[in-house]
K.L.:
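One structure coming up, written as structure tokens, with questions to follow.
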2 protein chains.
Amino acid sequence: MPLNKVKSAEVAATPKRQHKADAKAAAHPHAKPRPLTRIQREKQDIILEAALEVFSVHGFRGATIDQIAEVAGMSKPNLLYYFPRKEEIHRRLMAALLETWLAPLQEMNADGDPFPEIRSYIRRKLEMARDYPRESRLFANEMLQGAPRIIEMIEVDLKNLVDEKAKVLLGWMDQGKLARTDPYHLIFSIWATTQHYADFDVQVRAVLGPSRGGEGRFEDAARYLEHLFLYGLTPRPRP
Amino acid sequence: MPLNKVKSAEVAATPKRQHKADAKAAAHPHAKPRPLTRIQREKQDIILEAALEVFSVHGFRGATIDQIAEVAGMSKPNLLYYFPRKEEIHRRLMAALLETWLAPLQEMNADGDPFPEIRSYIRRKLEMARDYPRESRLFANEMLQGAPRIIEMIEVDLKNLVDEKAKVLLGWMDQGKLARTDPYHLIFSIWATTQHYADFDVQVRAVLGPSRGGEGRFEDAARYLEHLFLYGLTPRPRP
DNA sequence: AGAAATTTTGACCAGTTGGAAAAATGTTAG
DNA sequence: CTAACATTTTTCCAACTGGTCAAAATTTCT
């Protein structure tokens with residue numbers, strides 16, 4: 001018996017009519033799902049894009065289907081024709097997000113040298129914060145709520161990946177190529193410092209002020225982080 | 001004319017009856033506000049505590065008065081007797097939060113030596129993440145939404161404080177006591193790395209696993225961060 | 001073109017939400 | 001004790017929410 005989804009055993013107190021698609025799928029569990037039409041793919045993309053916009057700001061509970069529909073430029077029932085329920089939209093978004101999210105770390109290569117590898121990992125994460133801030137906020141929102149909808153993926157896929165990369169880091173430390181520190185917290189600190197520029201963007205810009213809060217802030221951040229992770233704050237004698 | 005609150009000039013499309021307290025205050029702008037009774041102070045505290053619990057998880061929009069009332073153990077109308085509207089509760093929470101939030105940075109002392117000062121700043125922030133995770137999440141939630149309700153405080157109070165401390169850091173750098181880097185991003189990185197342990201707590205615990213995800217994780221984090229900020233990741237020859 | 005399938009709309013619904021009003025119940029100073 | 005005040009409960013409401021449904025409009029396929 002699978003350990004998850006135990007909830008389905010609950011007695012359905014309210015008989016809750018099912019959505020057409022659900023009903024059809026239940027009737028013919030082996031019916032091949034009709035391939036998506038062009039319109040279906042296009043509209044689903046529009047909806048997901050709009051949902052990203054809304055969910056990333058207000059979180060799951062705070063976002064409404066009406067809002068998403070409005071941003072997507074369609075009526076609520078029309079939106080619900082493509083996604084039978086709010087949760088479904090969010091689920092799709094999160095599934096896509098997790099893949100994007102893991103990719104940069106996956107690229108960290110054990111055969112490379114630690115500093116180029118770590119440096120370009122930081123760069124990639126910082127670029128993601130710059131180019132996909134909504135995705136970053138969506139993820140943060142889910143985390144703040146205790147990740148109820150993705151905890152399993154975090155506990156399995158993400159954990160496995162980090163375990164693997166922590167070993168890589170340990171390997172480098174054993175070879176004396178990297179200071180001996182906690183590889184897990186090292187990874188956390190890279191996540192934290194880079195995602196900060198997406199999640200706390202308002203604060204960063206407000207504090208930097210108009211003169212330094214422009215696009216250049218990402219380059220400044222990259223330079224600073226590079227220095228921090230390489231040398232820390234101890235002053236070094238001028239060459 | 002004050003620059004904020006311009007919205008009151010909007011034509012009130014719906015005549016929206018005002019709350020009793022509001023009406024009273026408007027009628028006698030100089031009437032001295034009756035001092036709070038014991039019960040009032042106690043109940044307000046209970047409500048704020050409950051609101052912190054709920055707002056920190058679901059954000060402003062996602063939280064409901066009913067939820068807060070239930071956590072506070074009272075009826076919704078009863079709660080509304082103490083705080084005329086949802087926004088008011090949130091405002092009070094944020095005002096109190098900001099003070100708590102700025103305190104640790106304020107303690108950073110220009111006359112001290114940079115490393116002890118920075119180290120203990122990191123410690124204090126990490127302790128806050130450990131001891132007040134809900135406050136941290138409340139703050140993060142507000143940031144994710146673009147800080148609509150506290151942007152002014154961020155732009156003024158927080159910015160001024162950071163400007164001041166950035167000067168302190170620059171002073172240390174000029175004295176050669178601290179590596180020359182961007183003081184603003186230095187402060188950001190301290191915020192990011194420490195608050196991460198509150199805001200992304202689920203993730204941290206999931207990735208560390210049961211063996212290392214216990215309370216000890218904060219000590220591990222402190223050790224790691226100390227090393228990171230002091231020396232970075234460059235390996236140093238053994239003494 | 002015309003039938004079949006897909007997409008869109010408008011009307012609708014039950015439950016939730018923020019909030020108001022008033023009546024009922026304490027509490028306290030004189 | 002009792003009048004004045006503070007607190008709590010009950011009832012209520014309009015707007016919003018997630019979601020359904022049948023019919024109409026449009027697109028696709030033959």
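Chain naming here is simple, since letters A, B, ... match the order of the sequence lines and numbering starts at 1 in each.
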K.L.:
Which residue pairs pass the salt bridge (Lys or Arg N to Asp or Glu O under 4.0 Å) test with at least one member in residues 190-204 of chain B, sequence neighbours excluded?
P.N.:
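Every pair satisfying salt bridge (Lys or Arg N to Asp or Glu O under 4.0 Å) with a residue in residues 190-204 of chain B: B:Asp201-B:Arg205, B:Asp201-B:Arg217.
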
K.L.:
With sequence neighbours left out, what residues match B:Pro148 under side-chain contact (heavy atoms from CB on, under 4.5 Å)?
P.N.:
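Listed in chain order: B:Glu142, B:Gln145.
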
K.L.:
Given atom CD of B:Glu87 and atom C1' of C:dT17, what is their separation to the nearest angstrom?
P.N.:
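Taking CD of B:Glu87 and C1' of C:dT17, I get 15 Å after rounding.
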
K.L.:
Specify the separation, in whole Å, of atom NZ of B:Lys43 and atom C1' of D:dT9.
P.N.:
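Between C1' of D:dT9 and NZ of B:Lys43: 12 Å.
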
K.L.:
Can you label the angle between the A:Trp191 ring and the A:Phe188 ring as parallel, tilted or perpendicular, going by 30° and 60°?
P.N.:
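Rings of A:Trp191 and A:Phe188: tilted, 30 to 60°.
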
K.L.:
In whole Å, what is the span from the OH atom of B:Tyr82 to the P atom of C:dG19?
P.N.:
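For the pair B:Tyr82 OH and C:dG19 P, the rounded distance is 18 Å.
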
K.L.:
May I have all residue pairs that pass salt bridge (Lys or Arg N to Asp or Glu O under 4.0 Å) and include part of residues 58-68 of chain A, sequence neighbours excluded?
P.N.:
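For residues 58-68 of chain A: A:Asp66-A:Lys76.
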
K.L.:
Grab the CD-C1' distance between A:Glu42 and C:dT6 for me, whole Å please.
P.N.:
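Distance, rounded to whole Å: 14 Å.
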
K.L.:
Taking only residues two or more places apart in sequence or in another chain, which ones pass side-chain contact (heavy atoms from CB on, under 4.5 Å) with B:Ser120?
P.N.:
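Per chain and number, B:Ser120 pairs via side-chain contact (heavy atoms from CB on, under 4.5 Å) with B:Arg124.
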
K.L.:
List the residues meeting side-chain hydrogen bond (donor to acceptor under 3.5 Å, both in side chains) with A:Ser56, not counting sequence neighbours, and say none if there are none.
P.N.:
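If we apply the side-chain hydrogen bond (donor to acceptor under 3.5 Å, both in side chains) test to A:Ser56, skipping adjacent residues, there are no hits.
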
K.L.:
Please list, pair by pair, any protein nitrogen or oxygen found under 3.5 Å from a nitrogen or oxygen in nucleotides 25-28 of chain D.
P.N.:
residue	atom	partner	partner atom	Å
D:dT28	OP1	A:Arg38	NH2	2.9

K.L.:
Kindly state which residues belonging to residues 55-72 of chain A come within less than 4.0 angstrom of DNA chain C, counting heavy atoms of the residue only, listed by number.
P.N.:
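Within residues 55-72 of chain A, the residues near DNA chain C are A:Arg61.
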
K.L.:
Only pairs at least two apart or in different chains count here, so list each ring pair (Phe, Tyr, Trp, His ring centres under 6.0 Å) that has a residue in residues 85-108 of chain B.
P.N.:
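Residue pairs with at least one partner in residues 85-108 of chain B: B:Phe55-B:His90, B:Phe60-B:His90, B:Trp101-B:Phe139.
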
K.L.:
Please list, one pair per line, the donor and acceptor atoms closer than 3.5 Å that link side chains of residues 45-54 of chain B to other protein atoms, with sequence neighbours excluded.
P.N.:
residue	atom	partner	partner atom	Å
B:Glu49	OE1	B:Arg134	NH2	3.3
B:Glu49	OE2	B:Arg134	NH1	2.8
B:Glu49	OE2	B:Arg134	NH2	3.4
B:Glu53	OE1	B:Arg134	NH1	2.5

K.L.:
In whole angstroms, how far is the C1' atom of C:dT8 from the CD atom of A:Gln40?
P.N.:
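Distance check: A:Gln40 CD to C:dT8 C1' gives 13 Å.
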
K.L.:
Can you tell me how far C1' of D:dA6 sits from CD of B:Gln44, to the nearest Å?
P.N.:
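About 13 Å, once rounded to whole Å.
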
K.L.:
When the distance from CG of A:Leu80 to P of D:dT17 is rounded to whole Å, what number comes out?
P.N.:
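About 13 Å, once rounded to whole Å.
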
K.L.:
Could you work out which one of C:dT8, D:dG19, C:dG18 sits closest to the side chain of B:Lys86?
P.N.:
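The nucleotide sitting nearest to the side chain is C:dG18.
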
K.L.:
Figure out the CD/P separation between A:Glu88 and D:dG18, and round it to whole Å.
P.N.:
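Taking atom P of D:dG18 as the reference, CD of A:Glu88 is at 15 Å.
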
K.L.:
With sequence neighbours left out, what residues match A:Glu70 under side-chain contact (heavy atoms from CB on, under 4.5 Å)?
P.N.:
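Applying side-chain contact (heavy atoms from CB on, under 4.5 Å) to A:Glu70 gives none.
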
K.L.:
If the condition is side-chain hydrogen bond (donor to acceptor under 3.5 Å, both in side chains), which residues does B:Glu164 pass it with, not counting sequence neighbours?
P.N.:
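Here no residue qualifies.
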
K.L.:
Between N or O atoms, less than 3.5 Å apart, protein on one side and nucleotides 9-12 of chain C on the other: list the pairs.
P.N.:
none

K.L.:
What verdict does the side chain to side chain donor-acceptor pair (under 3.5 Å) test give for B:Ser189 and A:Tyr224, after you've listed the backbone C-alpha separation in whole Å, the side-chain angles of each residue and the deciding distance to 0.1 Å?
P.N.:
CA-CA 9 Å; B:Ser189 67; A:Tyr224 165 75; 2.8 Å; yes

